Engineer: 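What follows is a single structure, and I will ask about it in a moment.
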Amino acid sequence: MGVGPREHEEMIAYIEDIARHEGQTVTLRGWLHNRRSSGKIHFLTVRDGSGFIQCVMSKKAAGDDTFTRADHLAQESSVIVHGTVRADSRAPGGYELDVTGFDVVSPATDYPITPKEHGVDYLMDRRHLWIRAPRQQAILRIRHEVIDAVRDFFNSRGFVLADTPIFTPSACEGTTTLFPVQYFEQETAYLTQSGQLYNEANAMALGRVYCFGPTFRAEKSKTRRHLTEFWMVEPEVAYATLDDVMALAEGLVVSVVQRVLERRAAELKVLERDTSRLERVQAPFPRISYDEAAEIIRRKGLPFEWGGDFGAPDETAVSEEFDRPVCVHRYPAAVKAFYMKPDPERPEVALGVDVLAPEGYGEIIGGGERVDDYDLLLARIKEHNLPQAAFEWYLDLRRFGSVPHGGFGMGIERVVSWICGLDHLREAIPYPRMLYRIYP
RNA sequence: UCCUCAGUAGCUCAAUGGUAGAGCAUCCGGCUGUUAACCGGAGGGUUCCUGGUUCGAGUCCAGGCUGAGGAGCCA
């Protein structure tokens, strides 16, 4: 008869804390990740959400009954394991558990994600199970760290989190890029594609603010850099200039990357990330103008005409010139949004900035100074054929004590994707929403 | 929306126009240091769909469906 955990005074432990329990007898509660056997000895890899550990069960130590219970147990069966923690140089985590008791909570059968390879489509259809895999867990932990670092960065600098709405009343920049939602009997509402306009109002109230939430884009983008639903953090600062915005973006990116390097080294190792590339992410970031970026693109032989926006290959060409993120500022005003402030010294360019990540990961941040002059903003709204009535509240910000101000948006999944070295954005969020994918 | 590529066992893939195959998973057996464990055996097929060419189609042709990568747009 095997010795069941409940017959002992239990010491519940998590695998991430296992080093503190060396020599002790503990109880782990989790799932069977993999099993190997040599007839009279089972090697059970158990995961509990906090980590993975190999549990060694010998027939002699565990007893026939307990041993038999583990004989045919399938991958992802939930289990409670009782055993003694032992340091072992052969173990990837440095420790193993010598099993003395073992209970099956609920057996699994035919778990679809086997230790062998699977295709992306197959795994995405089973995303709810795929996230149990070590690599996916590492990515999601790094995502958590990125988000935590972002919040800490702003919270420690006097910023106030002020949430902006998900439902917005009218199309700011054309309805083709927005998801319509029927809002009771009144009108069509749209899912937000940016909290920025509300952020500006919040900044006029609270000075330094940020919002952080999901954002929706109905563009039929079908690339490794796009999701239809993604998370964006957007700071906005009253009295900020373009230089202030760039300094803030630089500080945020450095802070986030350093935080992940400090606290998530184990996860980066699981992902086999070349961390030397991340260690180089230090201030100051190079700041180059659109004109200088265009010159780099032309020098590299890519076709490019002044006045156009950069495509993905153009961004890669520019970012390849630098070993850290690069700020590209003063884009042609014509290709930027109606609220972008023109450079007073050169009105054909806007006081906007994009931050391009290294290694071909493209734009992770976009922002700049906003139009603060009432007459200019009204003219821009008319030029873009936007419904003035819907923007009266936004114009109010220029009627009642307008000040220079600016901010930016940073796409969380793009940052996570870059830090993790992923080849596709879809792994950077638990349940990606893309063109042609809304399951599970 | 456009361009390119792919679809064969539960999964990952192979098969010169000529008998439908392997590894993994599953089931049975063996093994006290495995770690994508290994060794032996067994079961497992609407070759995405529709039509066409051919003595004969997984393979060639046409149309469709589904997915992937890229472009545009953006974070």
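Per chain, numbering begins at 1; letters A, B, ... match sequence-line order. Owing to the predicted nature of the structure, the values given are computational and were not obtained by experimental measurement.
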Engineer: For A/Y339 and A/Q196, test the side chains for any donor-to-acceptor distance below 3.5 angstrom and give the result as yes or no.
Structural biologist: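 Yes, A/Q196 and A/Y339 have a side-chain donor paired with an acceptor closer than 3.5 Å.
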Engineer: Could you work out, with salt bridge (charged side-chain N to carboxylate O under 4.0 Å, His left out) as the rule, every residue matching A/K269, not counting sequence neighbours?
Structural biologist: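 By the salt bridge (charged side-chain N to carboxylate O under 4.0 Å, His left out) rule, A/K269 matches no residue at all.
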Engineer: Pairs in or reaching into residues 280-289 of chain A: which pass salt bridge (Lys or Arg N to Asp or Glu O under 4.0 Å), with residues at least two apart or in two chains?
Structural biologist: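 Salt bridge (Lys or Arg N to Asp or Glu O under 4.0 Å) check on residues 280-289 of chain A returns A/E250-A/R287.
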Engineer: With centres under 5.5 Å and planes under 30°, do A/F230 and B/A75 count as stacked?
Structural biologist: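 According to the criterion (under 5.5 Å, under 30°), yes, A/F230 stacks.
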Engineer: Using residues 301-311 of chain A as the side-chain source, report each donor-acceptor pair under 3.5 Å to any protein atom, sequence neighbours left out, with the distance given to one decimal.
Structural biologist:
from: A/W306; atom 1: NE1; to: A/D291; atom 2: OD1; distance (Å): 2.7

Engineer: Does A/H424 reach a base, just sugar-phosphate, or nothing at all? Heavy atoms under 4.0 Å.
Structural biologist: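 Sugar-phosphate contact only - A/H424 comes under 4.0 Å of backbone atoms but never of a base.
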Engineer: Ignoring the backbone of A/E315, work out which of B/C74, B/A68, B/U34 is nearest its side chain.
Structural biologist: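 Per side-chain heavy atoms of A/E315, the pick is B/C74.
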Engineer: Under the ring pair (Phe, Tyr, Trp, His ring centres under 6.0 Å) test, which residues partner A/F67, sequence neighbours left out?
Structural biologist: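 Residues passing ring pair (Phe, Tyr, Trp, His ring centres under 6.0 Å) with A/F67: A/H42.
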Engineer: What one-letter contact string describes nucleotides 35-40 of chain B from 5' to 3', where B marks a base within less than 4.0 Å of any protein heavy atom, S marks contact via sugar-phosphate atoms alone, and - marks no contact?
Structural biologist: BBB---
Engineer: Under the 3.5 Å rule, do the base of B/C11 and the side chain of A/T114 count as making a donor-acceptor pair?
Structural biologist: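 Checked by distance alone, the answer is no.
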Engineer: Name every residue in residues 352-366 of chain A that has at least one heavy atom under 4.0 Å from any atom of RNA chain B, in order of residue number, or write none if there are no such residues.
Structural biologist: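 Only A/E363, A/I364, A/I365, A/G366 qualify.
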Engineer: Assess whether one donor atom and one acceptor atom, taken from the side chain of A/H118 and the base of B/C11, lie less than 3.5 Å apart.
Structural biologist: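 For A/H118, whose side chain was compared with the base of B/C11, there is no donor-acceptor pair (under 3.5 Å).
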Engineer: With the side chain of A/I41 defined as its heavy atoms from C-beta on, choose the nearest nucleotide among B/G69, B/G33, B/C24.
Structural biologist: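 Of the options given, the side chain of A/I41 lies nearest B/G33.
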Engineer: Determine the contact category for A/H42: base if any of its heavy atoms lies under 4.0 Å from a base atom, sugar-phosphate if only primed atoms, P, OP1 or OP2 are that close, otherwise nothing.
Structural biologist: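 Counting heavy atoms under 4.0 Å across all strands, no contact is made by A/H42.
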